[in-house]
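Here is the structure we will look at, set down as structure tokens.
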Amino acid sequence: MRIDVVTLFPEFFELLQVAGVTGRAHQQKLWSLQTWNPRDYTHNIHHTVDDRPYGGGPGMVMMAPPLAAAIEDMREHLSSPALQARPIVLLSPTGKPFDQRVAQSWSQSAGVVLVCGRYEGIDQRFIDAYVTEEYSLGDFVLSGGEYAALAMIDASVRLIPGTLNDQRSAQQDSFSDAQQGLLDHEHYTRPEIFEGREVPAVLRSGNHRKIDQWRRQRALCLTAQRRPDLLDRAKQQGHLSAADLDFLAQLTQDSSQS
């Protein structure tokens, strides 16, 4: 998997290559990263990459020519048709929500090209000519696309087989296919008692059938309490078993009686 990032701040991405899970995977050559700075494709002493918006208004707009030149230079360095065909993704508040499914698809592909915007926005002509997809982290605005790109890269790289010590960790994450899109259950470790709070007895029972049942029910509880929209989606997609639905019905009844 190869990720190319068009950014005014390449230093943002150095940590991903040397620290944590992504750093270990990078050292194992499970993924690679290359940055492209639009300032390197300017032709004046100030390396100008932005200008005032047509029509007036606050802020500055990133100019199309330096961004386009960075993309074209990147393409010239790629010999593989698979790398040439990767999507060019703009990180933008107007993009579609980025989620676990997108991360999973990226992790199973040749990679992506990420374009990090800054200032008030990017000249729309560059977007029309080069960008194939737009994604957002959520309904809020960041100072630049770099912050979103870091999160999206981490979310994708950790799903590449061999990145995690135990691939089951990724399979049991919140939003994963194994969880049918539900939130993950709570987790406990030693000590058995912490500030008067004990680890649930079922987790110490050694009965794996009951442990699995407890974990599933806790995932259902947490999702119902915190993200009912995810629970509704799981129902619509047929991911909930008869036992799941019976448990949720009992949960609703108990809640109405309390």
Side-chain angles (χ1 to χ4, degrees), residues 1 21 87 89-109 112 114 117 131-142 145 147-161 163-164 166-189 197 199-203 205 207-258:
M1 178 185 184
V21 168
V89 177
L90 175 64
L91 293 318
S92 167
T94 63
K96 298 177 292 187
F98 180 86
D99 59 20
Q100 191 75 2
R101 294 182 182 180
V102 179
Q104 184 70 58
S105 69
W106 287 5
S107 74
Q108 297 171 346
S109 71
V112 293
L114 303 178
V131 172
T132 58
E133 299 177 20
E134 295 185 44
Y135 281 105
S136 167
L137 274 189
D139 296 338
F140 51 90
V141 178
L142 299 167
Y147 301 99
L150 289 169
M152 294 178 187
I153 293 172
D154 180 86
S156 303
V157 168
R158 68 188 305 277
L159 297 177
I160 299 174
T163 297
L164 300 177
D166 189 335
Q167 198 60 27
R168 290 177 300 176
S169 296
Q171 295 170 356
Q172 294 176 2
D173 283 340
S174 295
F175 318 113
S176 66
D177 289 341
Q179 286 289 95
Q180 283 93 39
L182 303 179
L183 299 181
D184 197 6
H185 56 79
E186 303 96 331
H187 297 269
Y188 297 86
T189 188
R197 296 174 173 85
V199 174
V202 64
L203 298 180
S205 69
N207 187 323
H208 293 288
R209 184 185 63 80
K210 289 187 176 180
I211 290 172
D212 288 343
Q213 181 185 50
W214 179 90
R215 286 174 170 169
R216 181 64 176 180
Q217 291 179 351
R218 288 307 304 160
L220 290 165
C221 282
L222 287 174
T223 307
Q225 293 168 1
R226 302 179 185 181
R227 292 293 304 274
D229 58 308
L230 296 179
L231 197 60
D232 290 340
R233 185 191 304 170
K235 290 179 181 177
Q236 293 169 6
Q237 295 176 345
H239 290 323
L240 302 186
S241 67
D244 291 337
L245 295 173
D246 287 345
F247 174 76
L248 289 169
Q250 185 62 49
L251 194 67
T252 301
Q253 181 179 340
D254 292 345
S255 177
S256 64
Q257 293 176 351
S258 61

Main-chain N/O of [Y] paired with [X] side-chain donor or acceptor, under 3.5 Å:
| X | Y | answer |
| --- | --- | --- |
| Asp246 | Ala243 | no |
| Ser255 | Leu251 | no |
| Thr163 | Leu159 | no |

Task: Heavy atoms of other groups near Asp139 CG, more than 12 under 6.0 Å - done: no

Any side-chain heavy-atom pair from [X] and [Y] closer than 4.5 angstrom?
| X | Y | result |
| --- | --- | --- |
| Phe98 | Val89 | no |
| Pro200 | Tyr188 | yes |
| Arg216 | Leu182 | yes |
| Val112 | Leu114 | yes |
| Asp212 | Trp214 | no |

Open item on the list: If we check side-chain hydrogen bond (donor to acceptor under 3.5 Å, both in side chains) with His239, which of these qualifies: Gln237, Lys235, Gln236?
Closed with: Gln237

- [ ] Starting from the C-alpha separation in whole Å, work towards a yes-or-no answer on side-chain contact (heavy atoms from CB on, under 4.5 Å) for Ser107 and Arg158.
- [x] CA-CA 8 Å; Ser107 74; Arg158 68 188 305 277; over 6 Å; no

Open item on the list: Just verifying a value: how many Å separate Leu248 CG and Leu220 CG, rounded to the nearest 0.5 Å?
Closed with: 5.0 Å

- [ ] With rounding to the nearest 0.5 Å, note down the distance linking NZ in Lys96 to OG in Ser136.
- [x] 12.0 Å

TODO: Under the ring-ring contact (aromatic ring centres under 6.0 Å, His included) rule, collect the residues that match up with Phe247, sequence neighbours excluded.
DONE: none

Open item on the list: For Arg226, give me all partners under side-chain contact (heavy atoms from CB on, under 4.5 Å), at least two apart in sequence or on another chain.
Closed with: Leu183, Leu222

TODO: Could you pull out all residues at least two apart from Lys210 that satisfy side-chain contact (heavy atoms from CB on, under 4.5 Å)?
DONE: Val202, Asn207

Restricting to non-hydrogen atoms, name the atom on [X] and the atom on [Y] that form the minimum distance, rounded to 0.1 Å.
| X | Y | answer |
| --- | --- | --- |
| Val141 | Pro93 | CG2-CG, 4.4 Å |
| Ala219 | His185 | N-CB, 4.2 Å |
| Glu133 | Val131 | O-CG1, 3.1 Å |
| Leu142 | Ala148 | CD1-N, 3.9 Å |
| Leu137 | Ala151 | CD1-CB, 4.0 Å |

Task: Pair Arg101 + Asp99, salt bridge at N-O below 4.0 Å - done: no

Open item on the list: Please evaluate residues Leu203 and Ile211 with respect to the criterion side-chain contact (heavy atoms from CB on, under 4.5 Å), reporting the C-alpha separation (whole Å), side-chain torsions for both, the decisive distance (0.1 Å), and the verdict.
Closed with: CA-CA 6 Å; Leu203 298 180; Ile211 290 172; 4.0 Å; yes

TODO: Check the pair Arg218 / Glu186 against salt bridge (charged side-chain N to carboxylate O under 4.0 Å, His left out), numbers first and verdict last.
DONE: CA-CA 7 Å; Arg218 288 307 304 160; Glu186 303 96 331; 2.5 Å; yes

TODO: Could you give me the CA-CA distance, side-chain angles and deciding distance for Leu240 and Leu231, then say whether side-chain contact (heavy atoms from CB on, under 4.5 Å) is met?
DONE: CA-CA 9 Å; Leu240 302 186; Leu231 197 60; 4.2 Å; yes

